[in-house]
Amino acid sequence: MEEQAAEVIIVGSGPSGLATAACLKVHSIPYVILEREDCFASLWKKYSYDRLHLHLAKQFCDLPHMPFPPSYPSFISKNLFVKYLDDYVSHFNIIPLYRRSVELANYDEASRKWIVKVMNYGSTSGKVEEYYSGKFLVVASGEASNPFTPDIDGLSTFTGKVLPGIESIRGNEVLFVNGQSHSFDSIIFCTGFKRSTDMWLKGDDYLLGEDGIPKPSFPDHWKGKNGLYCVGLSRRGLYGINADARNIADDIKFSLL
């Protein structure tokens, strides 16, 4: 089993993963960032609606080491935020490995490293199994990683139409995962997302619960044991992501001294 070695393995290239990568870059700490989608910030780029705006002022929503441009308004639209993320990735030369779905991450006591099993769906030779090893593992897969429809009492007798998951929304036009599209006079968001961390992260009985939420309370929520960290799971939005990423990079730098 050939392993690709990295000092730090980051799972996820949404704002949490990008912020962590940038902070590690500032400290000249090598890392690899694994992303199951075909782009970074996929939730923003592919699954959020066009009229979305950040609901906090921009000074509470920027990522580490790069404030929003002065020309940006106080409350930033989705398109401007995506442009900011594009510039952020370019500025810090962040190069995620796309179409990498993490199947298993386990801590190896013998080598004192995290071993991460990944399925590469972007290989020209088809689905390929890959392995990565690193002293540090950062869970940056986000608070909303998997679409999730809960069991609802009465759904089986509901007389209305139940449609499959949403692929994208453009204006009043909704494209569903089955390829069909429909127009609606109004759209009300009542579905949610479910964290997938418990499906692949093993060897951790301290940091994250089965719901993917940190067990330690704020402000100690971001650091686990054996070089395990999580970023963006404190329920404090982009402001929390900024703080988590800085803390994690500083802690890793101290550990490497």
A.B. asks: Decide side chain to side chain contact (heavy atoms under 4.5 Å, CB included) for Lys223 and Asp251; before the verdict, give the C-alpha distance in whole Å, the side-chain angles of both, and the deciding distance to 0.1 Å.
C.D. replies: CA-CA 9 Å; Lys223 183 177 180 180; Asp251 195 70; 3.2 Å; yes
A.B. asks: Would you please indicate if the ring centroids of Tyr88 and His91 are separated by under 6.0 Å?
C.D. replies: no
A.B. asks: Nearest 0.5 Å, please: how far is CG in Asn79 from CG in Asp50?
C.D. replies: 6.5 Å
A.B. asks: Taking atom types as modelled, is there a side-chain donor on Tyr239 or Gln59 under 3.5 Å from an acceptor on the other?
C.D. replies: no
A.B. asks: Between Leu104 and Val116, is there a side-chain heavy-atom distance shorter than 4.5 Å?
C.D. replies: no
A.B. asks: Check residues 24-34 and write down every donor-acceptor pair under 3.5 Å in which the side-chain atom is one partner and the other belongs to a residue at least two apart or another chain.
C.D. replies:
unit_1 : atom_1 : unit_2 : atom_2 : d
His27  : NE2    : Asp250 : OD1    : 2.8

A.B. asks: Taking C-beta and beyond as the side chain, do Trp200 and Ser101 meet within less than 4.5 Å on heavy atoms?
C.D. replies: no
A.B. asks: Taking only residues two or more places apart in sequence, or in another chain, which ones meet Asp108 in a salt bridge (charged side-chain N to carboxylate O under 4.0 Å, His left out)?
C.D. replies: none
A.B. asks: Just jot down the ring pair (Phe, Tyr, Trp, His ring centres under 6.0 Å) partners of Phe75, sequence neighbours excluded, or say none.
C.D. replies: none
A.B. asks: Rounded to the nearest 0.5 Å, what's the gap from CH2 on Trp222 to CG on Leu207? Could you check?
C.D. replies: 10.5 Å
A.B. asks: Please report the interatomic distance CG(Leu63) to CG(Leu85), rounded to the nearest 0.5 Å.
C.D. replies: 6.0 Å
A.B. asks: Kindly write out the residues that satisfy ring pair (Phe, Tyr, Trp, His ring centres under 6.0 Å) with Trp114, not counting sequence neighbours, or none if the list is empty.
C.D. replies: Tyr107
A.B. asks: Determine whether Asp87 and Phe68 satisfy the following criterion, side chain to side chain contact (heavy atoms under 4.5 Å, CB included), listing intermediate values before the conclusion.
C.D. replies: CA-CA 10 Å; Asp87 294 341; Phe68 288 112; over 6 Å; no
A.B. asks: When rounded to the nearest 0.5 angstrom, what distance separates CD in Glu7 from OG in Ser133?
C.D. replies: 10.0 Å
A.B. asks: Using the six-membered ring wherever Trp is involved, compare the ring planes of Phe136 and Tyr229 and label them parallel, tilted or perpendicular (cut-offs 30° and 60°).
C.D. replies: tilted
A.B. asks: Please determine whether a side-chain nitrogen of the Lys or Arg among Arg236 and Asp244 lies less than 4.0 Å from a carboxylate oxygen of the Asp or Glu.
C.D. replies: no
A.B. asks: Kindly state each residue pair satisfying salt bridge (Lys or Arg N to Asp or Glu O under 4.0 Å) with at least one member in residues 129-141, sequence neighbours excluded.
C.D. replies: Arg100-Glu130, Lys117-Glu129
A.B. asks: Assess whether side chain to side chain contact (heavy atoms under 4.5 Å, CB included) is satisfied between Leu201 and Leu228, documenting all intermediate values.
C.D. replies: CA-CA 10 Å; Leu201 179 61; Leu228 178 65; 4.2 Å; yes
A.B. asks: With sequence neighbours left out, write down each residue that passes salt bridge (charged side-chain N to carboxylate O under 4.0 Å, His left out) with Lys45, or none if nothing qualifies.
C.D. replies: Asp86
A.B. asks: In the structure I gave you, are the side-chain heavy atoms of Tyr98 and Tyr121 within less than 4.5 Å of one another anywhere?
C.D. replies: no
